[in-house]
Amino acid sequence: MEKYKVLESVFGYKKFRDFQEESIDALLGGKDVLTILPTGGGKSLCYQLPSLMMDGVSVVISPLIALMQDQVRGLSENGIEAVTINSDMSDKERQEVFYKLRNGTVKLLYVAPERMVLPSFISFLQTLKVNFFVVDEAHCVSEWGHEFRADYRELYLLKENFPQTPVAAFTATATPKVAEDIQKALRLENPYYSRGKVYRDNLFIHTQKRVSNGRVQLLHFLQKHKGECGIVYTFTRKETEEVAKFLQSKNISARAYHARLDKDVKAEVFHDFLYDKLDIVVATIAFGMGIDKSNIRFVVHTSLPKTIENYYQEIGRAGRDGLESETLLLYTKGDEIQKRELMNNVESVEYQEVLYEKLQKMYRFALSNSCKHKLLGTYFGDVSELCEDKCDSCLKEPVEQKDITKEAQMFLSAIYRTGAKFGQNHLIDILRGSQAAKVLQFGHEKLSVYGVGKEHAKKVWEMIVDRLHELEALGVGEHRSVIMTQVGVEILKGEKSVDIDEDKLGNESYKIEEDAYEERDETFESFRSLRMKIATESDVPAYIVFSDKTLKDLAQKLPQSREEMLDVHGIGEVKYERYGEAFLALSRELGEEV
Ligand code: ADP
């Protein structure tokens with residue numbers, strides 16, 4: 001079958017997305033491949049589709065069992081024989097898989113990197129006809145990446161043991177340096193290389209300085225997403241529980257998820273979220289890597305992520321179906337300091353430096369007034385497109401600027417007079433004339449700057465300090481102390497002035513408007529209920545039955561025949577055979593009502 005036919009009849013899609021066809025052609029032509037496509041860009045299809053057109057089995061190396069299981073389930077739903085071998089399986093289950101593989105019926109085999117490098121496993125694969133290897137999440141190979149994994153480094157063994165077999169590497173996040181490293185580490189030979197647009201035009205990016213614990217901001221944001229699915233990422237396990245409790249107290253469907261929870265509880269939360277029975281998961285970053293749920297409408301970070309790679313990957317979990325989705329990042333300078341401290345126990349000094357630098361870039365990203373999508377593009381080496389109205393920076397009306405040179409000088413002078421040995425809070429205490437024990441203990445009430453900044457509240461001072469960080473006038477010294485950079489010196493000497501968006505100095509207040517919710521489309525909701533019923537009956541996640549995008553398309557087209565059904569996004573023949581009749585019946589019913 002030719003590829004367009006497979007695309008339509010098996011996967012139910014009309015056309016390829018950017019770079020899919022080229023990657024597929026390269027694999028069919030026996031070439032190595034390095035494809036960098038954002039989350040949701042459709043990487044899986046790039047290797048799944050050619051596997052169906054080839055005789056042998058394709059081997060996919062993937063870091064997480066949950067991820068593998070999800071893929072296998074999705075493929076089975078489309079009538080494709082896919083299997084996984086992993087440590088969660090019993091011996092008997094594993095033997096069955098080996099049997100199937102020997103029989104040659106399996107199209108895709110998913111394994112973890114640890115297994116892939118076992119000599120016995122390699123020998124076994126050598127007895128099979130392997131079309132090609134796929135290294136998923138390939139950035140894990142690189143020490144310049146954010147998720148370096150030593151076992152990925154061993155994957156050069158693929159080329160060593162299977163010199164004639166193409167290797168295809170896929171990842172969503174790779175800076176140009178990481179891409180180069182992947183190519184070298186996997187020993188890819190003159191690969192077909194493609195890098196997708198970093199810009200996700202269906203994601204809206206908000207970043208806000210966190211006010212207090214950020215709960216009011218969170219609630220304000222969630223008002224717009226009532227009844228929709230989303231993830232709230234928090235930094236600590238304790239915070240997941242606290243935030244989940246807080247949301248529950250506001251009658252919002254939310255549950256906590258973190259690595260220490262009981263296995264059954266974790267499975268339940270995961271399951272309920274997949275099946276649309278739970279709207280919000282409040283989680284540490286332990287949650288998400290295995291999630292391929294396409295209808296996540298929002299992602300919130302309650303504190304600063306460690307790297308732009310993490311951040312981009314996490315916000316990328318929203319809107320995989322291509323529909324409009326929103327992201328919110330809440331941050332403070334304190335987050336950066338706290339996370340930097342945690343990196344102090346990374347063993348390798350070089351890797352520690354890499355991580356520090358990444359953290360600093362993440363913080364600058366959060367602070368910046370430049371287009372957020374453009375910043376991401378630049379970071380990942382793709383400046384092809386700019387957003388116009390998809391981030392706060394771009395949407396922001398020009399704001400009155402207020403000159404704060406005098407205040408900036410006060411703060412810098414406080415650093416200077418105390419020997420650059422103290423943290424932000426202490427310096428602000430001095431400026432505000434605080435009687436705090438630490439101020440008195442060091443005799444700082446005798447300094448000329450003591451009390452000169454009384455007129456501003458602590459929050460205002462924090463904003464001023466953040467602005468100075470943004471301008472790179474400040475740095476972080478030993479024991480979290482704030483130090484002055486060359487830019488800071490210039491400001492102190494009066495060679496540079498400082499201004500700030502006037503609105504940043506006021507206290508942002510968030511009113512919660514109870515009835516500001518968007519009305520949901522009733523036709524869509526009818527399809528959604530049917531999907532929920534079928535998903536529950538067949539014990540598969542709702543999005544595996546049909547994606548939100550398919551439901552939207554159904555609601556819009558209201559197909560009246562099998563032919564028209566097959567014209568709907570995401571409905572191929574196998575899916576039609578499985579679920580088509582029920583949806584067609586509902587569609588006919590709804591069509592009559594119109
Ligand atoms: P990635 O692995 O790159 O994050 P996926 O492979 O999971 O992304 O694909 C994201 C979503 O896009 C899935 O729901 C998938 O079915 C859908 N998809 C992939 N290719 C196409 C296509 N050519 N047309 C329409 N939808 C597609």
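What's counted below: heavy atoms across the whole structure, side chains too, no hydrogens, waters or symmetry copies. No experiment lies behind these values; they were computed from the predicted model shown. Every number for a ligand or one of its atoms is a count from 1 in the order of the listing.
- Every atom of ligand 1 with a heavy atom of Ser44 under 4.0 Å away is listed here by number and element: 2 (O), 5 (P), 6 (O), 7 (O).
- Scanning all protein heavy atoms for the shortest distance to atom 12 (O) of ligand 1 gives Arg17 NH1, 3.0 Å.
- Per-residue contacts place His569 under 4.0 angstrom from the following atoms of ligand 1 (heavy atoms of the residue considered): 25 (C), 26 (N).
- More than 12 heavy atoms of other shown residues, nucleotides or ligands fall within 6.0 angstrom of atom NZ in Lys14.
- Within the 4.0 Å heavy-atom criterion, neither part of Ser547 lies near ligand 1.
- Judged purely by distance below 3.5 Å, without hydrogens or angles, the side chains of Tyr110 and Gln71 pair a donor atom with an acceptor atom.
- In this structure, Lys549 does not count as a contact residue of ligand 1, since none of its heavy atoms falls inside 4.0 Å of the ligand.
- Looking at Ser294 next to ligand 1, no N or O pair under 3.5 Å apart turns up.
- Under a 4.0 Å heavy-atom criterion, Cys46 is not in contact with ligand 1.
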Would Tyr379 and Tyr312 count as a ring pair (Phe, Tyr, Trp, His ring centres under 6.0 Å) here? Give the steps. CA-CA 11 Å; Tyr379 186 79; Tyr312 184 66; 9.3 Å; no
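- Relative to atom 8 (O) of ligand 1, the option among Gly42, Gly319, Gly74 with the closest non-hydrogen atom is Gly42.
- Both cation-pi conditions hold for Lys339 and Phe235: the charged atom is under 6.0 angstrom from the six-membered ring centre and inside a 45 degree cone around its axis.
- Of all protein heavy atoms, the one closest to atom 11 (C) of ligand 1 is Arg320 O, 3.9 Å.
- Protein heavy atom nearest atom 4 (O) of ligand 1, with residue, atom name and distance: Gly40 N, 2.6 Å.
- Lys107 NZ: more than 12 foreign heavy atoms inside a 6.0 Å radius.
- Nearest to atom 15 (C) of ligand 1 by heavy-atom distance, out of Tyr13, Tyr543, Phe16, is Tyr13.
- Near Pro38, the atoms of ligand 1 lying under 4.0 angstrom from a non-hydrogen atom of the residue are 3 (O).
- Remark: Gln560 CD is packed, more than 12 non-hydrogen atoms of other residues, nucleotides or ligands lying under 6.0 Å away.
- The side-chain tip of Lys293 points at the ring of Phe273 from less than 6.0 angstrom away and within 45° of straight on.
- No N or O atom of Leu37 sits closer than 3.5 Å to an N or O atom of ligand 1.
- At most 12 heavy atoms of other shown residues, nucleotides or ligands fall within 6.0 angstrom of atom CD in Gln556.
- In this structure, Gly41 counts as a contact residue of ligand 1, since one of its heavy atoms falls inside 4.0 Å of the ligand.
- Of the heavy atoms in Gln20, only side-chain atoms (C-beta onward) come closer than 4.0 Å to ligand 1.
- Surrounding CD of Glu357 are at most 12 heavy atoms belonging to other residues, nucleotides or ligands under 6.0 Å away.
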Go through Thr35 and Ser23 one step at a time and tell me if the side-chain hydrogen bond (donor to acceptor under 3.5 Å, both in side chains) criterion holds. CA-CA 7 Å; Thr35 295; Ser23 304; 3.1 Å; yes
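- The shell of residues lying under 4.0 angstrom from ligand 1, judged by heavy atoms, includes Lys15.
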